[in-house]
Colleague: 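This is the structure I have questions about; it appears just below.
Here is the naming used below: chain letters follow the sequence lines, and residue numbers restart at 1 for every chain. Computed from heavy atoms alone, side chains included, the values below leave out hydrogens, waters and symmetry copies.
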4 protein chains.
Amino acid sequence: MPRSSEQNKQIREKTKKRILETARTLFAKNGFHGTSISEIAKEAGISKGLTYNYFKSKTEIVEVIFDEFLLDAHNFFEVINNYSDPYEKLTALIESSFDYIEYAEDQWKLNFSLILQPQVMKLARSQMIKFYDEMLNEIEKVFKGVGIKNAASEARVFGAALDGIGMYYMMNKENYPLKKIKKHLLKKYSKEELQKTFR
Amino acid sequence: MPRSSEQNKQIREKTKKRILETARTLFAKNGFHGTSISEIAKEAGISKGLTYNYFKSKTEIVEVIFDEFLLDAHNFFEVINNYSDPYEKLTALIESSFDYIEYAEDQWKLNFSLILQPQVMKLARSQMIKFYDEMLNEIEKVFKGVGIKNAASEARVFGAALDGIGMYYMMNKENYPLKKIKKHLLKKYSKEELQKTFR
Amino acid sequence: MPRSSEQNKQIREKTKKRILETARTLFAKNGFHGTSISEIAKEAGISKGLTYNYFKSKTEIVEVIFDEFLLDAHNFFEVINNYSDPYEKLTALIESSFDYIEYAEDQWKLNFSLILQPQVMKLARSQMIKFYDEMLNEIEKVFKGVGIKNAASEARVFGAALDGIGMYYMMNKENYPLKKIKKHLLKKYSKEELQKTFR
Amino acid sequence: MPRSSEQNKQIREKTKKRILETARTLFAKNGFHGTSISEIAKEAGISKGLTYNYFKSKTEIVEVIFDEFLLDAHNFFEVINNYSDPYEKLTALIESSFDYIEYAEDQWKLNFSLILQPQVMKLARSQMIKFYDEMLNEIEKVFKGVGIKNAASEARVFGAALDGIGMYYMMNKENYPLKKIKKHLLKKYSKEELQKTFR
DNA sequence: TATGAATGAGCCTTCATTCAT
DNA sequence: GATGAATGAAGGCTCATTCAT
């Protein structure tokens with residue numbers, strides 16, 4: 001008697017998830033071209049062939065991973081928009097950003113690899129651009145809301161800083177004072193400080 | 001008549017340089033693993049075999065390229081130190097940074113690839129860390145010199161912003177307002193503005 | 001309530017038949033090596049695994065298909081032998097041959113593939129040789145019966161022509177004048193014509 | 001010092017030829033899908049990788065082989081057209097055909113495999129059709145020239161017979177009376193016999 | 001110095017077959 | 001009887017590297 005379709009679904013979901021997680025980590029670490037399907041399969045504890053029961057190509061794996069990121073990104077905006085107070089929005093934004101650097105490190109690295117090598121996944125670039133545009137718009141609105149001048153340029157510099165921080169952190173995780181910087185920014189962009197500056 | 005040893009030396013240097021330049025461009029574009037020696041050789045107009053007359057492996061090529069960058073970086077510090085006035089230093093620093101993004105785009109991309117994938121070149125990481133440490137120290141000193149508070153953290157955020165800007169620029173060169181941002185930062189960190197803020 | 005063994009038997013036979021028909025078509029179209037078990041199973045509307053419940057290997061499938069052909073071939077001889085008049089036999093033979101080309105195209109193609117690539121199914125070759133020997137003997141007898149000289153060689157040429165026609169037809173089904181050729185041969189080898197020539 | 005370009009050319013030609021010959025034999029024996037590049041390389045005494053220095057894909061190999069056949073076919077027509085006497089033409093045609101079966105057995109088998117599986121090489125089919133059309137036209141003209149009635153249909157049957165003979169021969173080379181059949185046909189279609197029949 | 005033929009390891013992918021359910 | 005997840009060998013192809021010249 002065959003497995004019930006429910007059983008199969010569970011097996012598939014579990015295995016698929018394991019492949020995706022392993023792949024994300026390895027792609028992040030060694031890049032797309034630097035990661036082999038053998039490696040992914042071995043690390044995920046399955047046979048090489050099985051990978052192709054779940055994804056029709058190595059490229060599809062990276063695409064699915066990226067799609068998952070886009071979902072995440074979408075959620076991020078929803079979270080931010082839960083706040084109506086611009087000061088709270090700003091705080092949430094900074095917190096999310098630092099959290100993402102720390103807790104979704106692999107995805108973060110992978111995203112930047114994809115930015116640097118758009119050949120790997122053509123669509124990633126345009127979707128990434130779209131994501132950053134929305135992000136910067138959001139920041140700009142918030143900046144305007146809290147009275148920061150030159151909000152457009154400042155938002156760009158601010159966004160760049162957040163990602164630059166991610167980069168520095170990736171370079172030297174053990175020693176980078178991520179918490180300290182986070183605290184610094186949270187204070188600098190707190191209601192209290194901002195009102196002091198722009199009163 | 002055989003070539004004089006002087007001629008040979010010149011030929012060697014010219015060929016070596018061409019290989020390095022080609023490799024840098026291709027590594028930047030397609031990544032280390034995404035670039036083949038054949039491609040480099042063909043693009044450089046030489047035979048595959050000859051490449052191994054100049055470099056003992058593909059890895060060595062990237063190492064030499066990185067070494068050249070380090071030399072460049074060294075020069076950068078010298079340039080900055082030509083100025084004694086911290087305001088001038090700061091301006092020079094911003095200008096250099098934006099210039100580098102624009103005019104050494106390939107090297108810039110390659111560097112970030114190496115940061116994201118330290119496996120490709122083990123040594124790069126530590127040297128990169130060292131470079132950034134010096135850089136951030138320099139900025140910190142300058143920041144202190146111009147009276148910025150929390151100079152250590154601010155320097156880190158500032159440095160991160162400069163690199164983040166580079167990243168955004170790479171992602172969307174056609175549309176990124178690099179000049180505008182540059183102008184914005186030059187103004188924001190100009191003597192006039194800084195003295196206004198910190199008077 | 002479990003199925004009765006009679007029901008099971010019927011299911012088995014139906015499924016087996018569907019597998020064989022699907023396989024024959026696909027083998028004919030894409031060759032033995034060019035056809036996968038997955039493809040056969042999918043096309044037959046069953047699971048991959050079930051195929052192995054009916055046949056112990058891909059090779060066995062082609063063997064069973066070929067065995068069925070041999071049965072068919074045996075029937076062919078019986079049909080021919082229903083006629084006692086050699087002229088009628090000859091007509092029946094030509095008609096059968098053309099019918100087979102047209103209505104058992106897949107089997108026809110498969111047979112010729114097996115002739116060209118005996119490695120796929122070792123036994124096919126000897127059985128095919130046997131079949132053709134009997135066929136040519138039959139033709140030879142008929143030719144003798146209608147007074148054709150050099151019956152042995154003529155039979156071989158005639159048999160070859162019939163198969164050659166099949167080949168040409170397969171090459172260019174839309175344009176090949178199969179009906180016209182059939183008519184031509186039926187006339188050429190009709191009692192009337194043969195008696196005219198050999199009177 | 002590098003090899004002279006003449007030396008390289010010779011090496012390339014020799015190796016390429018060896019690959020093509022090996023491939024033709026193996027394709028003929030086991031079919032396109034049943035032959036691996038490894039096998040070809042091993043049989044040709046070279047490494048797998050080197051094959052790709054000469055052909056960019058397995059498909060290209062079969063295409064080049066087929067192109068060589070087309071050249072041969074072209075030559076065939078030239079040879080036939082050297083004769084002006086239709087009787088001589090007919091004799092030459094029969095002789096060439098039997099020679100080809102015997103001495104270009106591999107190519108013969110490969111051609112028929114390609115006819116049976118047009119998927120392998122799309123172009124083969126149309127070119128083969130063209131070749132056979134020309135061939136049958138040629139035969140038809142000759143048949144008309146020697147006074148055979150229903151020349152169009154007879155030419156088709158005759159051509160089919162020649163290929164059918166090839167098929168039979170391939171099936172059972174040791175026992176097939178190729179020479180005898182050849183002699184039979186040469187006599188049957190000799191000037192003497194034809195004039196006897198159609199006088 | 002320079003070439004490009006040659007190698008062999010390794011990559012992505014397919015597929016016949018097995019097996020737990 | 002039936003399913004489809006899983007395996008492992010093999011296939012097509014690429015590529016860093018070597019070597020004869």
Colleague: Figure out the CG/P separation between C:L26 and E:dA16, and round it to whole Å.
Modeller: 12 Å
Colleague: Measure the distance from CG on D:N8 to C1' on E:dA2 and round it to the nearest whole Å.
Modeller: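 After rounding, the reported distance stands at 12 Å.
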Colleague: For the side chain of D:S113 and the backbone of D:G31, is there at least one donor-acceptor N/O pair under 3.5 Å apart?
Modeller: no
Colleague: On DNA chain E, nearest-nucleotide positions of D:K9 versus C:S38: which is more 5'?
Modeller: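 That would be D:K9.
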Colleague: Could you check whether atom CD of D:E39 has more than 12 heavy atoms from other residues, nucleotides or ligands sitting under 6.0 Å from it?
Modeller: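 Above 12, so yes.
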Colleague: Quick check: does any side chain N or O of A:S126 sit under 3.5 Å from a backbone N or O of A:L123, one acting as donor and the other as acceptor?
Modeller: yes
Colleague: If you assign A:T35 and D:I11 each to the DNA chain E nucleotide with the nearest heavy atom, which residue ends up on the more 5' nucleotide?
Modeller: D:I11
Colleague: CD of D:E6 versus P of E:dA5: gap in Å, rounded?
Modeller: 13 Å
Colleague: For E:dG4 and D:R12 - does any side-chain N or O of the residue sit under 4.0 Å from the phosphate oxygens OP1/OP2?
Modeller: no
Colleague: When you match B:G34 and D:H33 each to their closest nucleotide on DNA chain F, which lands nearer the 5' end?
Modeller: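 By nearest-heavy-atom nucleotide position, the 5'-most residue is D:H33.
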Colleague: For DNA chain E, determine which residues of residues 46-68 of chain A have any heavy atom closer than 4.0 angstrom to one of its atoms, and list them numerically.
Modeller: A:K48, A:G49, A:Y52, A:S57, A:K58
Colleague: Could you check whether atom CD of D:E105 has more than 12 heavy atoms from other residues, nucleotides or ligands sitting under 6.0 Å from it?
Modeller: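 Above 12, so yes.
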Colleague: For the pair made of NZ in C:K42 and C1' in E:dA16, what is the distance, rounded to whole Å?
Modeller: 16 Å
Colleague: Measure CD1/C:I37 against P/F:dA6 and give the value in whole Å, please.
Modeller: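 It is 21 Å, rounded to the nearest whole Å.
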Colleague: Between D:S36 and B:S36, which has a closest nucleotide on DNA chain F that is more 5'?
Modeller: D:S36
Colleague: Could you pull out the closest heavy-atom pair between C:A44 and C:T22, with the gap in Å?
Modeller: CB-OG1, 3.6 Å
Colleague: Just the rounded figure in Å: distance from C1' of F:dG1 to CD of C:Q10.
Modeller: 15 Å
Colleague: Quick one: D:Q7 CD to E:dA6 P, roughly how many Å, whole number?
Modeller: 12 Å
Colleague: Is it true that atom CD of D:Q127 has more than 12 heavy atoms of other residues, nucleotides or ligands lying nearer than 6.0 Å?
Modeller: yes
Colleague: Is D:T15 touching bases, backbone alone, or none of the nucleic acid, heavy atoms closer than 4.0 Å?
Modeller: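 Sugar-phosphate: the residue D:T15, judged by heavy atoms under 4.0 Å, touches backbone atoms but no base.
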Colleague: Tell me which nucleotide, if any, is Watson-Crick or G-U wobble paired with F:dA20 when both distances must be under 3.5 Å.
Modeller: E:dT3
Colleague: Can you check side-chain contact (heavy atoms from CB on, under 4.5 Å) on D:M128 and D:L114, steps first, answer last?
Modeller: CA-CA 9 Å; D:M128 209 66 156; D:L114 292 174; 6.0 Å; no
Colleague: Starting from P on E:dA2, measure out to NZ on B:K14 and report it in whole angstrom.
Modeller: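 Roughly 11 Å, once rounded to whole Å.
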